[in-house]
Structures are given as structure tokens and as C-alpha cells.
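Quick notes on the structure that follows.
Lettering of chains follows the sequences in order, A, B, ..., and the numbering in each one begins at 1.
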Amino acid sequence: MSSNEANTAENFIHHKITHDINQGLNDCNVITRFPPEPNGYLHIGHAKSICLNFGTAIKFNGHCNLRFDDTNPEKENIEFMNAIAEDVKWLGYSWHEVNYASDYFEQLYNYGVQLIQKGYAYVDSLSAEEIRQLRGTLTEPGTESPDRNRTIEDNITLFEKMKNGAFADGSYVLRAKIDMNAPNINMRDPTLYRIRRAHHPRTANNWCLYPMYDFTHCISDGIENITHSLCTLEFEDHRPLYDWVLTQLQFPHHPQQIEFARLSLEYTIVSKRKLHLLVEQGHVSGWDDPRMPTLAGLRRAGFTPKSIRDFCDRIGVTKKDSWIEMGVLEHSIREDLNASATRKMAVLKPLRVVLENYPEDTCEQLTANNHPQNDQLGSRTLPFDQVILIEQDDFAEIPPAKFKRLTLNGEVRLRNSYIIKCHGIIKNEQGDILELRCTYDPDTLGKKPEGRKVKGVIHWVSEKHSLPAEIRLYDRLFNVPHPESEEDFICALNPNSLEVINGAKVEMSLANSRANEQYQFERIGYFCVDSKDSKPEQLIFNRTVTLRDTWK
RNA sequence: UGGGCCGUCGCCAAGCGGUAAGGCACGGGGUUUUGAUCUCCGCAUACCCAGGUUCGAAUCCUGGCGGCCCAGCCA
């Protein structure tokens, strides 16, 4: 496994592994796995698990496998497998092996037979509904199935017939024979195998018998010699079953399952079922819609792998249910982009400014640094002439308190250019401001004016020498911090999560920008060239995140 | 009300019997041709509550209170 910097953050799992190593367990090896079910796209919650699993392996000089948990053919497909693999690579990790639970179907079946032979599993003809009724409740014990004491020989025969397609879907299941009185419901003779005539993305129609998660996962971990099987809290109750299967099978290698809290991020959702719904009902443009918390969506919005890894590092790993504020993710991406993004100027909502004392046919080439702190990023040329465009918000006829921008008879610095002063406002009959009449001070290029202080700096572009662009302003997908707990989470969608700006103008140097390239549009935010829709003749930029703004 | 897990600053999170790290957020000062960045300062006499053990407790014990998960032939 290669990768970037391993995480620096310590957590309780690392402490536990360090302890294991000090005890000489697993010959001091650390082998983890990231086991997604290919039934959807990876999201920010998976990123936490990926960073934990791969990061832990890197930290302890071990390795991590990518393993598709493809035991439910009705929900899984190749498109998701490909997207998942791509996202893991994009995040910056390399797996030791890529495996599929379906690769183990034959072995799994044989382990099923072994369990029967040991008297630890039986074929049950009860229907799903009957099994549910006999399972008991949280406070009442379950009841044993009439089939529970079938002979081993009969069980073997029936299981083989199940495999060979002798029975209809749902007519029989293989169950573990544990304890119908167990206080842990997962131990009340859980189902191990079900009959399902479904086309599997990898094994096609070779099987009509599919193993359940609880049977599959522990054995897959065992086969791969996983030392630490990290999963989320809801599997805590399954650990006794995980251990039971491996113990009854006398597995030569018995991985240790350790649970941690899944990620919950405010103002978004990480439920795959609900993400599916957003896509299917068209509330977003797809799994890679920049508003989606999917890695594909975050990538398209302009989030970098580094920022996501940094985010995962910051939030920590514990067993406590928690909600992370969006501000943490925003901080991570701003920190990365502040250092790496070249600066540009873009005017989202243009206001025409005519510089009355600037020669009409002249256009000078000003020089602007691409980064205020990093000279290595070089500089560029900015055409400057008589008519420029500034942001409508950067002018106020009646300025609010502490307004540091342009006002009538006021002065302001044009970023990378001269200081200008406004003398007149031209309006239409409705009173809308159409144009500003200003003058520029030729003695203020690259120097401070004598005897007066101009505190405001605004961005601009030349009207004639600028490019039209579509700018997509993305905002949080939901209006409430915890949409998952809403009765109908769809109602909590933020209707203003996307604002498309069509009349924007950006500086000429952006003409050659390529898909995914990232910039800071000064004073506005970080943007990237949309990977799908942007064309050289029709540039489209996505807002990744705004600049931090402490002015209200 | 059975079982499992969790409770330290607004949000995360260190801490593992020796007297509350850090990050985000927030408030204030400085620098600044981005109201950005950077920088400096502030921000839990207090660790869910109540008892107890101890010279000493967020850490150990007892009892409460609060929250999350489990009754798929999903993972």
C-alpha cells in the first residue's frame, strides 16, 4: 500500500492495536479491510471508514484490502463497484488486494456444510413470517422451530438441494443453531443462507443460494487474515455471532472486530437509501451532483482528497454518537485551497463603471500575482481599459455602517489596479442603477495614495476583455441540521441549494482553464471548472465554498 | 420494560488516580491592494447527577438520570 501522509491523529483503536502488537498478537501484523456493499456510491461517512482502515494499516506498516461485500445480488451492480474503486483511489489510497465476498461463495458453502456436520446449523422450512413470529421480542424469548432437530444427514441433503435449485425462493433457509432464549436477538438462530434466484453481477446465475452478512463477513475476514475488523457501532450486537461462527468452525485465524461511531454531518444525510431517493426522484442531478455528500459529488464540487483526509483526521474516531458541524469540513477545504488555488477575478453580478478620465482607445496590461503569499505560483496579465465591471454589491448609494466599498463621491481601490472615485450614478426610469461614472487616479498603481487612506478593495474585470461564464452557487442541501430525524426529510431540502448565475464575467486568463481546475475568485470564494458541463466556449464554474466572511 | 453501547466547553476531542491538551466555532487586538490569509489574546475552579473510597477522583466503587442501537430470508 502506498499513500500520502498517514493520519497523525491517535484514537482508541490505535491504542488497542498498539497493545496487541506489544503482546505479540498476529505476529505483530496489522491487516485491515474496507468492505463496502456495492449498492450505491461512497459518501463522506465512508471516507471516515476508508481513512481509518487504510490509515491504520499505513500507520502500523500493514496493509488494507478493498473487499466488496456482494452477497445481495438484488441490490448490487458493477457500476457501483467501479465507482467505489475509483473513489477509494481518488481519496489517495491503494489496496493490497481487491476481493469480493462472492469469490468465497464456494468456500462459504463448504463452511455451511461443516457447520451442519458439527450440529450447529439446520435447514428450516418456516416462512420468513413464521420465523419472525417465533423469534420472540426484545423482552420475550423466542421459540424453537419444528425443524430445529432435523438429522444432520437430512440437513446436508436439503442444503445441497437448496444449492442445486431444487426449491423455490424463500422456501428454505439455513439457520445457525444457537439459542432461541438468547437476550441478544442476533443469537436466536440467525439465518445464514437464503434461496434467491437473482442474477449476481459477478457470479451470474451460478448460484441460487446466497449467504447472509453475518456468515459471510467473519469468514471473509478470516480467509484474508484480517487482524482488526473495523466496523460501525450498529454491528456491536453482531460481534458475538461473528465470534461464534469462527469459533464453531475452529477457524485458524480469528480476527478481532472493533466498532466505532459512524459519521453524522449536519445539514446533510449519509443514509444510502435516502441518497438513492434523492437521485431517483430527481432532487439532485445524480450521484455526483455537487450538493451530494458522496465522494463523487464532493469531488465535482471541488473538494480535494487531501481536504477530506484532513477532515477525517480532525473529527476523530470514538464510540460516541456525534454530529459534526459543516464548519469543520469547510475549514478543511479552505485551508487546502487557500494554499494551492491561484487567484482570479470574477464578477458575478456586473455593474458597469465608466472611467471618464481614462483614454477611450487605450488598454494597458497590468500584472497581478497569482497568489499573495506564494510567488512560486507566478503572475498573470490583466487588461485594463475605460469600461470595467464591478460587483453590484460593491456599490451602495446609501451605504450601511462600516461599508468599505464604493459609494457616491467615495474612493475604492480596484484590486491589482488603480484607485477610483465615483462621481455619478446613471439610472433608468425605474430607478435601477445602470452605470457608474468614475475617475481613476493614475498615480495609484502599485502605490498608496498621498495623504489619504482608502480602506476598501474591490475586484473587477474589463468589460471588453472578459469572458462570459455560468457560475453555480451551491449551498447546503438541507435547511435543518438533522434532516434524517425529520418525519419527511424531502420537505427539509433547501430550495436554494443551487443558484445559477448566468451573466457573470470572468477575467481573460481563465480562457484556457480545464475541467476540475480550482481557483479562488478573490473576495468571493473557491471555485472549480465543472467536470461535466463546462466547455471552452461556455465556461461553467462550481462554487466549492465561500471565503470566510466576518463582515455582516 | 431483555441485551449491547455511550455521556469532558456551542460542535468535535485528549485524558487511563496527581490536580482539565488540541481543533472547529465564537469574541477582541495587529498586519494586509482579498472584510481572505497570517498573527496575538480570550474562551470548562470544571468533566450527566448523587453518594462513597483516597492525602488527592474526569479517571476507582455504588446508585441514579439521559441518549443511541437490536425483533431483515439487508449490510
Pick out the pairs of N or O atoms, protein on one side and nucleotides 40-42 of chain B on the other, that lie under 3.5 Å.
none

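Applying the 4.0 Å criterion to OP1 and OP2 of B:A75, one finds that A:Lys272 has every side-chain N and O outside that range. One finds a side-chain N or O of A:Arg194 lying less than 4.0 angstrom from the OP1 or OP2 phosphate oxygen of B:C74. OP1 and OP2 of B:C11 both lie 4.0 Å or more from every side-chain N or O belonging to A:Ser322.
Heavy-atom distances under 4.0 Å link RNA chain B to A:Leu126, A:Ser127, A:Ala128, A:Ile131, A:Arg132 of residues 121-132 of chain A, given in residue order.
Salt bridge status for A:Arg476 with A:Glu266: absent, with no side-chain N to carboxylate O gap under 4.0 Å.
In the interface, the side chain of A:Asp237 is paired with the base of B:G3 through a donor and an acceptor atom under 3.5 Å apart. Evaluation of atom-type donor-acceptor distances gives no pair under 3.5 Å for the side chain of A:Glu140 against the base of B:G2. With hydrogens and angles ignored, a donor-acceptor pair closer than 3.5 Å exists between the side chain of A:His238 and the base of B:A75. Side-chain atoms of A:Arg334 and base atoms of B:U37 include no donor and acceptor less than 3.5 Å apart.
Base pairing of B:G66: its partner is B:C6, meeting the Watson-Crick or G-U wobble criterion (both donor-acceptor distances under 3.5 Å). B:C60 and B:G52 make up a base pair, with Watson-Crick or G-U wobble contacts both under 3.5 Å.
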Report the C-alpha separation of A:Asp124 and A:Glu130 in whole Å, then their side-chain angles, then the decisive distance to 0.1 Å, and conclude whether the side-chain contact (heavy atoms from CB on, under 4.5 Å) test is met.
-> CA-CA 11 Å; A:Asp124 200 341; A:Glu130 290 166 325; over 6 Å; no
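What you find for A:Tyr193 and A:Tyr109 is that their closest heavy atoms are OH-N, 3.2 Å.
A donor-acceptor contact shorter than 3.5 Å is absent between the side chain of A:His482 and the backbone of A:Glu484.
Classification of the A:Trp287-A:His276 ring pair by plane angle, with boundaries at 30° and 60°, yields perpendicular.
A side-chain donor from one of A:Glu234 and A:Thr232 sits under 3.5 Å from a side-chain acceptor of the other.
Lacking a ring centre under 5.5 Å from that of the base six-membered ring together with a plane angle below 30°, A:Tyr213 does not count as stacked on B:A75.
Atoms OH and CD1, on A:Tyr526 and A:Ile333 in that order, are 9.0 Å from each other to the nearest 0.5 Å.
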